[in-house]
Every structure is written in structure tokens, then in C-alpha cells.
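Below is one structure, written out as C-alpha cells; comments come after it.
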Amino acid sequence: RYIFDVLATHGKHVLFGGPTGTGKTVYIKQSLDAMDKDKWTNIQSTFSAQTNANQIQDIIDNKLDKRKKGVFGPKQGTRAVVFIDDLNMPMLEEYGAQPPIE
């Protein structure tokens with residue numbers, strides 16, 4: 001958990017990969033739950049085969065405050081961590097793209 005905590009609290013992007021059933025989701029959720037709620041906003045979502053880009057944008061935007069036209073951010077004085085589970089789940093489009101991931 002140490003590596004994730006250091007990377008996340010220093011504003012670095014983190015991607016965990018590995019076989020199914022190895023505890024990646026549990027590991028991340030434990031780390032997110034341990035974060036100081038006064039300093040961090042936690043946004044979680046899980047991809048499925050039916051997930052589309054608009055759904056993901058709505059989920060993230062609804063957890064953020066609107067600062068001015070087209071500018072969103074976490075509550076003043078906090079930082080946001082976005083956790084997306086099952087990243088490879090969205091169905092491929094006709095030409096092989098996965099817009100929710102892009």
C-alpha cells in the first residue's frame with residue numbers, strides 16, 4: 001500500500017494490472033478509505049461492457065464542484081482521486097475504439 005499512497009498523494013497517476021482475483025480492487029479501496037476525507041475527494045466507478053464516455057463524464061462531473069463555465073474541481077482545499085475499476089470492460093466499437101477509456 002505504501003507505493004500507491006506515495007504516488008497518489010504526490011499527484012501521480014497509478015495503474016494496477018494483474019490477473020483476475022488477485023485483490024487489486026480491495027487493495028485500492030482500502031487505501032482510498034484510509035485517506036483523510038478533509039483533504040481528498042474519492043470518485044469511484046466500475047466499467048462494464050455497456051459503459052459509454054458520457055456516463056463516465058457525468059459520474060465524475062457530479063462529484064466535482066463547478067468553478068466557472070466548463071471548469072470543474074473538487075471542493076476548495078481538497079484534491080480528487082478517481083478510481084476506475086475493470087478498465088478494459090467497455091465494448092469495442094466497429095473500428096476497435098473504446099471511447100470511455102480514450
Point-to-point distance, once rounded to the nearest 0.5 Å, from [atom1] of [X] to [atom2] of [Y]:
X	Y	atom1	atom2	answer
Asp61	Lys66	CG	NZ	9.5 Å
Thr20	Asp86	OG1	CG	8.0 Å
Arg79	Thr9	CZ	OG1	8.5 Å
Leu32	Asp5	CG	CG	9.0 Å
Asn62	Asp65	CG	CG	11.5 Å
Thr41	Lys75	OG1	NZ	5.5 Å

I'd like to know whether NZ of Lys12 has more than 12 heavy-atom contacts from other residues, nucleotides or ligands below 6.0 angstrom.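 No, because the 6.0 Å sphere around NZ of Lys12 holds 12 heavy atoms or fewer from other groups.
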How about [X] and [Y]: do any of their side-chain heavy atoms sit closer than 4.5 Å?
X	Y	answer
Phe72	Ile60	no
Gln76	Arg67	yes
Met35	Val81	yes

Where do Val14 and Phe83 land on the side chain to side chain contact (heavy atoms under 4.5 Å, CB included) test, with the steps shown first? CA-CA 10 Å; Val14 183; Phe83 172 54; over 6 Å; no
Verify the cluster assignment for Trp40 and Ile3: are they in a single hydrophobic cluster under the rule of side-chain heavy atoms below 4.5 Å apart?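 Yes, Trp40 connects to Ile3 through the hydrophobic network.
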Provide the closest heavy-atom pair for Lys37 versus Asp33 in the form atom of the first, atom of the second, distance.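 Closest pair (atom of Lys37, atom of Asp33, distance): NZ-O, 3.3 Å.
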Checking Tyr27 now: which residues fulfil ring pair (Phe, Tyr, Trp, His ring centres under 6.0 Å) with it, not counting sequence neighbours?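 Per chain and number, Tyr27 pairs via ring pair (Phe, Tyr, Trp, His ring centres under 6.0 Å) with Phe16.
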I'd like to know whether Asp85 forms a side chain to side chain contact (heavy atoms under 4.5 Å, CB included) with Ile28, so could you lay out the CA-CA distance, the side-chain angles of the two residues, the decisive distance to 0.1 Å, and finally the verdict. CA-CA 10 Å; Asp85 199 12; Ile28 297 299; over 6 Å; no
